[in-house]
Amino acid sequence: MDNYAVIGSPIAHSRSPTIHHMFAEDLGHEIAYKKLEADEKSFEEHVESFFTKGGKGLNVTLPFKKQAFSMSDNLSSNAKECGAVNTLSFSEDGRISGESTDGIGLIEDLKSNEVVIEDKSILIVGSGGTAQSIIPQLVTNGAQQISLSNRTMANAISLKEQYIHLLDITCLEGGLINRNFDIVINTTSAHLEGTLPEINPVAIQNSVCYDVNYSYGETIFQKWSAENGAKKSIQGWGMLVEQAAESFYIWRGIRPKTREIIDRLSSEPEN
Ligand code: NDP
């Protein structure tokens, strides 16, 4: 049986084992997928030990995506662009390959919600790891214009500079935004504090709003956007499952079906 795991800290809440076991069951594959808790010092040791013992693939979550990038011997062009990876594979020649599937997951979910990216103006709220990993994919898929707003402006500016060769990103004060966008993506973790990022409702008038966060029932941002002028409000279960499907594909060469699993996960807290 092939062994996989997700490594992060904290890791107890991760839904990745459930999702990958659902994929495997649907496809008739036998896999084992567990959670690994690490800290900054033990991360590399855990990864090396997992692969040396025959592990086939690892998902990497907070806060180790940059460390995983540094450990990778081979990087996809997308991963090189992002500077962070969430999927590690162990090649037969003993080398570690890294890919970032978060952006691909978001794009797949936008497509399945019939949201067109090409030629659209996009506001990304937040400038952390998720914003960093979705920008290259939004550009590849034809976004006409990307703006960033973030609680800490310096972090938005630093992200703008990382991608200056791809696109001229505009940094905006959320509360002072005076125009609307076709698509508004909330990548902040403000919901963990039960709050919303500061953003003028003008920004979401008639927009498609996408919250990368997910919950049972509406997320705080989803509810706020639906009540304040968005034409469509989506939350991030689909992105979660689609990025996992992309990892599964990298490891096992077949892309699992996702629709039913997204519906099941988002409606059954005990799964
Ligand atoms: P980071 O810690 O890298 O970034 C967090 C961002 O949120 C920063 O821009 C930070 O701003 C901002 N922020 C935090 N608290 C607040 C607040 N109270 N008000 C306004 N802004 C705030 O996290 P990630 O980007 O890795 O993850 C963000 C969220 O996305 C997480 O909740 C995670 O669970 C979710 N996620 C979902 C995925 C999916 O597949 N659906 C995939 C990956 C992540 P500042 O710069 O000022 O600190």
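Note that the numbering runs from 1 along the sequence shown for the chain. Both ligands and their constituent atoms are indexed starting at 1 by order of listing.
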Checklist entry - Has ligand 1 got any nitrogen or oxygen that is less than 3.5 angstrom from a nitrogen or oxygen of Ser189? => result yes
Checklist outcome for this item: If we number the atoms of ligand 1 from 1 as shown, the ones under 4.0 Å from a heavy atom of Gly236 are 41 (N)
Checklist entry - Just heavy atoms, cut-off under 4.0 Å: does Met239 contact ligand 1 by side chain, backbone, both, or neither? => result both
Checklist entry - Would you say ligand 1 has an N or O under 3.5 Å from any N or O of Thr188? => result no
Checklist entry - Does the N or O separation between Leu196 and ligand 1 drop below 3.5 Å for any pair? => result no
Next on the checklist: Heavy-atom pairs closer than 4.0 Å: do any link ligand 1 to the side chain of Leu106, the backbone, both, or neither?
Outcome noted: neither
Checklist entry - Hey, is the main chain of Glu45 close enough, under 3.5 Å, to the side chain of Ser42 for a donor-acceptor pair? => result no
Checklist entry - Under 4.0 Å between a Lys/Arg side-chain N and an Asp/Glu carboxylate O for Lys111 and Glu242? => result no
Checklist entry - Does Ile11 offer a backbone N or O that forms a donor-acceptor pair with the side chain of Ser14 under 3.5 Å? => result no
Next on the checklist: Run the side chain to side chain contact (heavy atoms under 4.5 Å, CB included) test on Ile185 and Leu123 for me, step by step, so that the C-alpha distance in whole Å, both residues' side-chain angles and the decisive distance to 0.1 Å come before the verdict.
Outcome noted: CA-CA 6 Å; Ile185 305 170; Leu123 172 67; over 6 Å; no
Item to check | Heavy atom of protein inside 4.0 Å of atom 2 (O) of ligand 1, strictly below | outcome: no
Checklist outcome for this item: min-distance protein heavy atom vs atom 47 (O) of ligand 1 -> Thr152 OG1, 2.4 Å
Item to check | Distance (rounded to the nearest 0.5 Å) between Trp251 CH2 and Tyr33 OH | outcome: 4.5 Å
Checklist outcome for this item: Numbered in order shown, the ligand 1 atoms found under 4.0 Å of a heavy atom of Gly126 are 9 (O)
Checklist entry - What do we get for Thr195 next to ligand 1 when only non-hydrogen atoms under 4.0 Å count, side chain, backbone, both or neither? => result side chain
Checklist outcome for this item: closest protein heavy atom to atom 4 (O) of ligand 1 is Gly128 CA, 3.4 Å
Checklist entry - Counting heavy atoms only, which part of Thr130 comes closer than 4.0 Å to ligand 1: side chain, backbone, both or neither? => result both
Next on the checklist: Between Asn86 and Glu99, does the side chain to side chain contact (heavy atoms under 4.5 Å, CB included) criterion hold? Intermediate values first, please.
Outcome noted: CA-CA 6 Å; Asn86 71 344; Glu99 173 60 290; 5.7 Å; no
Checklist entry - Nearest to atom 28 (C) of ligand 1, what protein heavy atom do you find, and at what distance? => result Thr187 O, 3.2 Å
Next on the checklist: Using a 6.0 Å cut-off, check whether atom CD of Glu25 has over 12 heavy atoms from anything other than its own residue.
Outcome noted: no
Checklist entry - For Ser127, is the nearest heavy atom under 4.0 Å from an atom of ligand 1? => result yes
Item to check | Shortest protein heavy-atom distance from atom 16 (C) of ligand 1, along with the residue and atom involved | outcome: Arg151 NH1, 3.3 Å
Checklist entry - With only distance considered, is Tyr214 within less than 3.5 Å of ligand 1 through an N or O on each side? => result no
Checklist entry - What protein heavy atom sits nearest atom 32 (O) of ligand 1, and how far away is it? => result Asn213 OD1, 2.7 Å
Item to check | Contact atoms of ligand 1, heavy-atom distance to His191 under 4.0 Å | outcome: 32 (O)
Item to check | Worked verdict on Asp39 versus Phe43 for side chain to side chain contact (heavy atoms under 4.5 Å, CB included) | outcome: CA-CA 6 Å; Asp39 59 30; Phe43 173 74; over 6 Å; no
Checklist entry - Does any N/O atom on Val212 come nearer than 3.5 Å to any N/O atom on ligand 1? => result yes
Checklist entry - Salt bridge check: are Arg264 and Glu260 linked by an N-O gap of less than 4.0 Å? => result no
Checklist entry - Side chain of Ser91, backbone of Asp93: donor and acceptor closer than 3.5 Å? => result no
Checklist entry - Does Ile31 offer a backbone N or O that forms a donor-acceptor pair with the side chain of Asp2 under 3.5 Å? => result no
Checklist entry - Can a donor-acceptor pair be found between the side chains of Ser127 and Arg151 at a distance below 3.5 Å? => result no
Checklist entry - When you measure from the side chain of Ser70 to the backbone N and O of Lys66, does any donor-acceptor pair fall under 3.5 Å? => result yes
Checklist entry - Do any nitrogen or oxygen atoms of Gly129 come within less than 3.5 Å of a nitrogen or oxygen of ligand 1? => result yes
Checklist entry - Which part of Glu198 is near ligand 1, with near meaning a heavy atom under 4.0 Å away: side chain, backbone, both or neither? => result neither
Item to check | Asn213 side chain to Thr188 backbone, donor-acceptor under 3.5 Å | outcome: yes
Next on the checklist: Would Arg252 pass as a cation-pi partner of Tyr249, given that its NZ or CZ must be under 6.0 Å from the six-membered ring centre and within 45 degrees of the axis?
Outcome noted: no
Checklist outcome for this item: If you compare Leu240, Ile199, Asn150 by their heavy atoms, the one closest to atom 11 (O) of ligand 1 turns out to be Asn150
Checklist entry - Counting each atom of ligand 1 from 1 as listed, which ones have a heavy atom of Leu62 under 4.0 Å away? => result 26 (O)
Checklist entry - Any idea which protein heavy atom is nearest atom 18 (N) of ligand 1, and the distance to it? => result Glu193 OE1, 2.9 Å
Checklist entry - Any idea which protein heavy atom is nearest atom 19 (N) of ligand 1, and the distance to it? => result Ala190 CB, 3.6 Å
Next on the checklist: Heavy atoms only, cut-off 4.0 Å: how does Asn155 contact ligand 1, side chain, backbone, both, or neither?
Outcome noted: side chain
